[in-house]
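Report on the following structure.
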Amino acid sequence: MPELPEVETIARLIRPRLEGRRIEDCEVRWTRTLGGLSRPAFARAVVGARLSRIWRRGKYVVVDLEHGGRASGALVGHLRMTGRIHVEPTTWDPGPYLKVRLALDDGTSFYFIDVRKFARLCFTDEPHVLLGDLGPEPLSDEFTPAWLAGALRSRTRRLKPLLLDQTFLAGIGNIYADESLFRAGLHPLARSDRISPARSAALCTEIRATLGEAIAREGSSFDTFYRTPEGNPGSYQDEFKVYGRAGKPCPRCAAPIARIVVGQRGTHLCRRCQRR
DNA sequence: ATCCTATCCTGGCTGC
DNA sequence: TGCAGCCAGGATAGGA
């Protein structure tokens with residue numbers, strides 16, 4: 001699923017192809033993808049706009065827009081589980097799952113594709129409001145051992161649902177939560193307020209390391225869904241220590257990896273290396 | 001405050 | 001082989 005490393009990869013790869021381009025036309029095949037805006041209202045907002053900057057916040061891809069050199073809102077995309085973004089010649093066939101296409105002024109189009117219908121591409125006047133509830137960026141200077149220790153202490157939640165809560169920390173999903181908790185030697189069901197400062201510092205370090213390594217590998221593609229905008233799979237799935245490895249040996253102690261359900265999410269852990 | 005469940009979707013898997 | 005039924009997953013809303 002596209003989590004922070006996948007979305008970062010997508011943003012990096014589409015940035016050079018999109019920055020400075022102008023939207024000449026748009027095609028909307030599934031209105032709900034727009035997140036509430038009607039097709040005409042969406043078209044009015046985006047057609048004629050210049051794409052000034054492409055960036056990422058949590059699991060969101062953000063495209064800042066300008067009209068006549070003046071900031072005029074942004075496109076904020078969320079791929080949920082199966083969304084994809086491509087930038088290809090306008091003659092390219094996106095297949096049956098195209099939801100929105102933005103025709104650009106250089107003969108290419110921005111394709112927003114989703115096998116399911118959960119992904120969203122929203123226009124907003126104020127992206128910072130839409131993104132305002134997100135927690136800190138795990139790869140920013142804000143995310144320090146001291147911050148994490150305090151944040152964990154101020155809650156009484158179990159670690160895994162807390163890491164998945166985007167208002168707590170932005171960008172972590174099921175895969176990187178399981179991998180980070182394993183690497184830090186923490187049990188997904190451990191209560192956040194009972195984590196020692198040393199463990200919490202380890203969690204901070206391992207979250208940063210896991211996400212950084214995954215970005216270096218262009219994310220994880222363990223199923224047929226995630227592909228980079230170039231159509232290539234990432235390769236971080238080859239580095240998974242616990243995710244999707246139920247029954248296989250723990251890379252640290254060789255005990256079989258367990259799969260449990262936490263907050264309705266499949267959760268992978270080593271019962272020997274990750275104590276409650 | 002936190003947890004639990006349902007909802008949204010559909011390809012792919014399991015089991016008969 | 002065909003088909004029904006279940007499952008995964010992120011975010012969100014409503015209820016306990």
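A note on names: the letters A, B, ... follow the listed sequences, proteins ahead of strands, and every chain is numbered from 1.
- Rounded to a whole Å, the CE atom of M81(A) is 10 Å from the P atom of dA11(C).
- A parallel orientation is assigned to the rings of F110(A) and F112(A), their planes being inclined by less than 30° (bins at 30° and 60°).
- Base pairing of dA1(B): no nucleotide in any strand meets the Watson-Crick or G-U wobble criterion (both distances under 3.5 Å).
- A donor atom on one side chain and an acceptor atom on the other are found under 3.5 Å apart for R39(A) and T31(A).
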I'd like a table of atom pairs between the protein and nucleotides 12-16 of chain C - only N or O on both sides, under 3.5 Å - with the distance next to each one.
none

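- Distances shorter than 4.0 Å separate none of the side-chain N or O atoms of H78(A) from OP1 or OP2 on dG10(C).
- Each of R56(A), K59(A), R57(A) was checked for a salt bridge (charged side-chain N to carboxylate O under 4.0 Å, His left out) with E8(A), and the lone residue meeting it is R56(A).
- If you measure from atom CG of D165(A) to atom P of dA11(C), you get 10 Å, rounded to the nearest angstrom.
- Look at R80(A) and D114(A) and you find no salt bridge, because none of the NZ, NE, NH1 or NH2 atoms lies under 4.0 Å from a carboxylate O.
- A donor-acceptor pair shorter than 3.5 Å can be found between the side chains of S109(A) and R101(A).
- Between the C1' atom of dT10(B) and the CH2 atom of W30(A) lies a distance of 12 Å, rounded to the nearest Å.
- Rounded to an integer number of Å, the gap from CG of L4(A) to P of dG10(C) is 13 Å.
- Regarding contacts with the backbone of dG10(C), every side-chain N or O of Q166(A) stays at 4.0 angstrom or more from both OP1 and OP2.
- Salt-bridge check for R50(A) with D64(A): failed, with every basic side-chain N at 4.0 Å or more from each acidic carboxylate O.
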Sugar-phosphate means primed atoms, P, OP1 and OP2; the rest is base. With that split, encode nucleotides 1-8 of chain B 5' to 3' as B, S or - using protein heavy atoms under 4.0 Å. -SSSB--B

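- Residues I257(A) and V242(A) are in side-chain contact: their nearest non-hydrogen atoms beyond the backbone lie under 4.5 Å apart.
- For Y97(A), no side-chain nitrogen or oxygen approaches OP1 or OP2 of dT10(B) to under 4.0 Å.
- Aromatic ring centres of F168(A) and W147(A): separated by under 6.0 Å.
- For the pair R21(A) and D106(A), the salt-bridge criterion is met [side-chain N within less than 4.0 Å of a carboxylate O].
- Distance CG (N174(A)) to C1' (dC7(C)): 13 Å, rounded to an integer number of Å.
- Picking from dG11(B), dA8(C), dG10(C) the nucleotide with the shortest atom distance to the side chain of R259(A) gives dA8(C).
- Rounding to whole angstrom units, CZ of residue F168(A) and C1' of dA11(C) are separated by 18 Å.
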